[in-house]
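Numbering of ligands and ligand atoms starts at 1, following listing order. Heavy-atom basis, side chains included; hydrogens, waters and symmetry copies ignored.
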Amino acid sequence: AIKFEVDSQNVVSSGLPDVSGFESVYLHDLIWEKIEKWPNHTALICLDTGRSYTYSQLRKACGRLATSLRKSKLLPGDTIAVILPNIPEFAIILLAANEAGLRTTLINPAYTTYEIKRQVENADAQAIFTFSAKYADAHASIANNPKIKLPIVIVNDAASITGTIKFDDLVRDDIEEFSVSQKTDINYEDTVLMPYSSGTTGLPKSIETSHRNVVANLLQASYSLLFPGVEATEHYQDILPLMIPAYHIYGLIIVMYIYLRIGAKLVCMPQFSMNNLIKLLEDHPCTIMHAVPPIIQMMANDERITSRHVKSMKIIISGAAPLGEESIAKFQSRISDRVAFVQGYGASELSPVATISLDAPPASCGYLLPSTQMRIVGIKQDNLGRNLTLREVGEIYIRGPQVMKGYYKNPQATAETMDGDWYKTGDLGYYSEHGLYVQARLKEMIKVKGFQVAPTELEEVIRGHDKIQDVAVIGVAHDKYGEIPKAFVVPKSGVKINENELKEYVAGRVAKFKHLGYVQVVESIPKSASGKILRKELTKL
Ligand code: 4UW
């Protein structure tokens, strides 16, 4: 089979047949497309509580919640903020919001109030879904925002708290399911998701992703990932952990949505830990697993995990950060060599996948998805801006129906990250007969365990410390997390700053994965004439 084609301009195209039909399908309709084939199969089960939903129960709950959302005066184009761990109700809320024509901004429940408030405001959210009374207080200050139409909805908590609504009341049996005629006010180009990403530079931004973007990517990724040529119906017996967070677009689209569409069973893990993963694998004979590199590394090194835990496992898929070949080798030699490993490459701006394939070597990120094109653009003085040939290293540009509409209310950032209809990934790599190899990140984004950390955000937090005059943050290599943030700080004159003092200051303000690994005191921060931090120079200090 032809894996890819290269034209005279060095534009690489997928060798796979184009996907079609994505222009005029709503995201939720695509997910429910085949549901009558498996109404009584379990769709989602919670690892912690055993609470589960069959496909038909899931569909009904989504229809009822969509009706309730509209009754709450939320209108098409309004945004809801979802602050939830991986629980079955996550899928209900997302699919109901999709159906009601609402946009969703997904927030890490481990975020501090400071971080949540920022994201809620950045996305102009009008409703907040959270999971525990414990959080309601913290979110109350956010819910005071005059834009909020629906106060906090508490999912999965028996307690009644003033100013909040219980999720169960929005999905009661007597609520009519959302009717088809109410859907006419949604367009395929409407924004359905607002992933939060720092992109190439600066603070995190809300991305506008349309129904069409996500539907296209679901069809593209399904073609490349689900054993092409095999009818999707054969996958209804698959069992997968929903382990990577559904509040990250990789978990949401590539794990939850893809597999709900084909009738698989998802075991939701609300809180990741090796103990929980071991319990999950012991109780549920998983057949496919999506992970990030640090999890694969932990599995490879954890003596408690043996071949018994992966006896039904066909494949483990990794993405969001580079996967070391040593992890795969150790996994295969120590645990099982029957499990195949595959990497994918994506970004929040790509709804989210660009490359993945079952027949590429595991060190490769795979071949381009159907209907996807790539250019590798020179960044050196002697090849700057030129489209390079196979095996030459440059910046990865991607084009296809999965490329985002743009950054929300930020045309400048959108213009900077796009070259016409090409998305400039800010990643360095090359393409070969074996697919895409990603070598490094050119953009300033730091990735800790696959999670984004924006240096600009940490710099802003650190600048708030009264002993700090100037600061710059970069990512440095970490053997377990991939990378970890390091701050270079210039104290105010005559003041001494102690490393732990600054680490604690940051720890009090941002989620754990953003905490500083290292602090180095310097005399000045290297900057360009225009005042931009020269982060490459910092690595030499
Ligand atoms: N190797 C090296 C990789 C790789 C990588 C990503 O947080 P974001 O915006 O988004 C993601 C999405 C990843 C993803 C989604 C769906 C999927 O199937 C899959 O593979 C299985 C992966 O991470 O961060 C985007 C940035 O993360 C880096 C790269 O720098 C990219 O621009 N990245 N995948 N395989 N680096």
Side-chain angles (χ1 to χ4, degrees), residues 106 108 193-201 204-207 209 213-214 217-218 220-226 240 243-259 288-296 315-325 327-328 340-358 360-369 372 374 395-398 402-404 407 417 423-430 435-454 475 477 482-483 513:
L106 302 167
N108 183 338
L193 274 182
M194 304 237 278
Y196 201 51
S197 168
S198 61
T200 313
T201 183
K205 300 167 264 294
S206 298
I207 294 170
T209 305
N213 290 148
V214 182
N217 205 239
L218 282 169
Q220 294 172 307
S222 299
Y223 187 93
S224 292
L225 186 59
L226 299 173
L240 295 95
M243 167 176 72
I244 50 176
Y247 57 76
H248 187 265
I249 191 164
Y250 172 20
L252 180 74
I253 311 282
I254 301 305
V255 190
M256 197 165 87
Y257 278 171
I258 282 196
Y259 294 95
I288 304 178
M289 187 169 103
H290 285 262
V292 290
I295 296 181
I296 295 169
I315 184 164
I316 296 180
I317 298 128
S318 174
L323 174 64
E325 280 184 278
S327 294
I328 305 176
F341 281 86
V342 159
Q343 277 198 77
Y345 166 77
S348 305
E349 287 83 352
L350 292 169
S351 318
V353 202
T355 68
I356 199 165
S357 25
L358 297 176
S364 157
C365 288
Y367 301 101
L368 290 169
L369 298 188
T372 305
M374 170 181 294
E395 184 177 354
I396 303 163
Y397 285 31
I398 300 284
Q402 69 270 54
V403 173
M404 64 166 180
Y407 294 110
T417 205
Y423 166 60
K424 303 194 268 184
T425 65
D427 290 317
L428 198 65
Y430 64 92
L436 175 69
Y437 288 80
V438 178
Q439 287 197 325
R441 223 172 293 121
L442 295 165
K443 54 189 169 193
E444 59 194 38
M445 176 196 296
I446 304 169
K447 281 239 150 166
V448 181
K449 299 191 263 180
F451 291 109
Q452 285 195 19
V453 179
E483 285 178 285
F513 69 93

Problem set entry | Under 3.5 Å: N/O of Met445 near N/O of ligand 1 | no
Problem set entry | Asp427, any N or O under 3.5 Å of ligand 1 N or O | yes
For this session: Any atoms of ligand 1 less than 4.0 Å from a non-hydrogen atom of Ser318? List them with their elements.
Result: 20 (O), 21 (C)
Exercise. Which ligand 1 atoms are under 4.0 Å away from a heavy-atom of Ile254?
Worked result: 16 (C), 18 (O)
Problem set entry | Numbered atoms of ligand 1 (with element) below 4.0 Å of Pro352, judged on heavy atoms | 15 (C), 16 (C)
Exercise. So which protein heavy atom does atom 24 (O) of ligand 1 come closest to, and at what separation?
Worked result: Lys447 NZ, 2.7 Å
Exercise. What atoms of ligand 1 come closer than 4.0 angstrom to any heavy atom of His248?
Worked result: 7 (O), 8 (P), 10 (O), 11 (C), 12 (C), 23 (O)
Seminar exercise, completed: Atoms of ligand 1 under 4.0 Å from any heavy atom of Ser348, numbered from 1 in the order shown, are 7 (O), 8 (P), 9 (O), 10 (O)
For this session: With heavy atoms of Pro322 as the reference, note each atom of ligand 1 found under 4.0 Å away.
Result: 1 (N), 2 (C), 36 (N)
Exercise. Taking atom types as modelled and ignoring hydrogens, do the side chains of Glu395 and Thr425 form a donor-acceptor contact shorter than 3.5 angstrom?
Worked result: no
Problem set entry | Electrostatic pair Glu483-Lys449, nearest N-O below 4.0 angstrom | no
Problem set entry | Any N or O of Ala320 closer than 3.5 Å to N or O of ligand 1 | yes
For this session: State the atoms of ligand 1, each with its element, that fall below the 4.0 Å cut-off from a heavy-atom position in Arg441.
Result: 30 (O)
Exercise. Near Lys443, which atoms of ligand 1 are under 4.0 Å from a heavy atom of that residue?
Worked result: 32 (O)
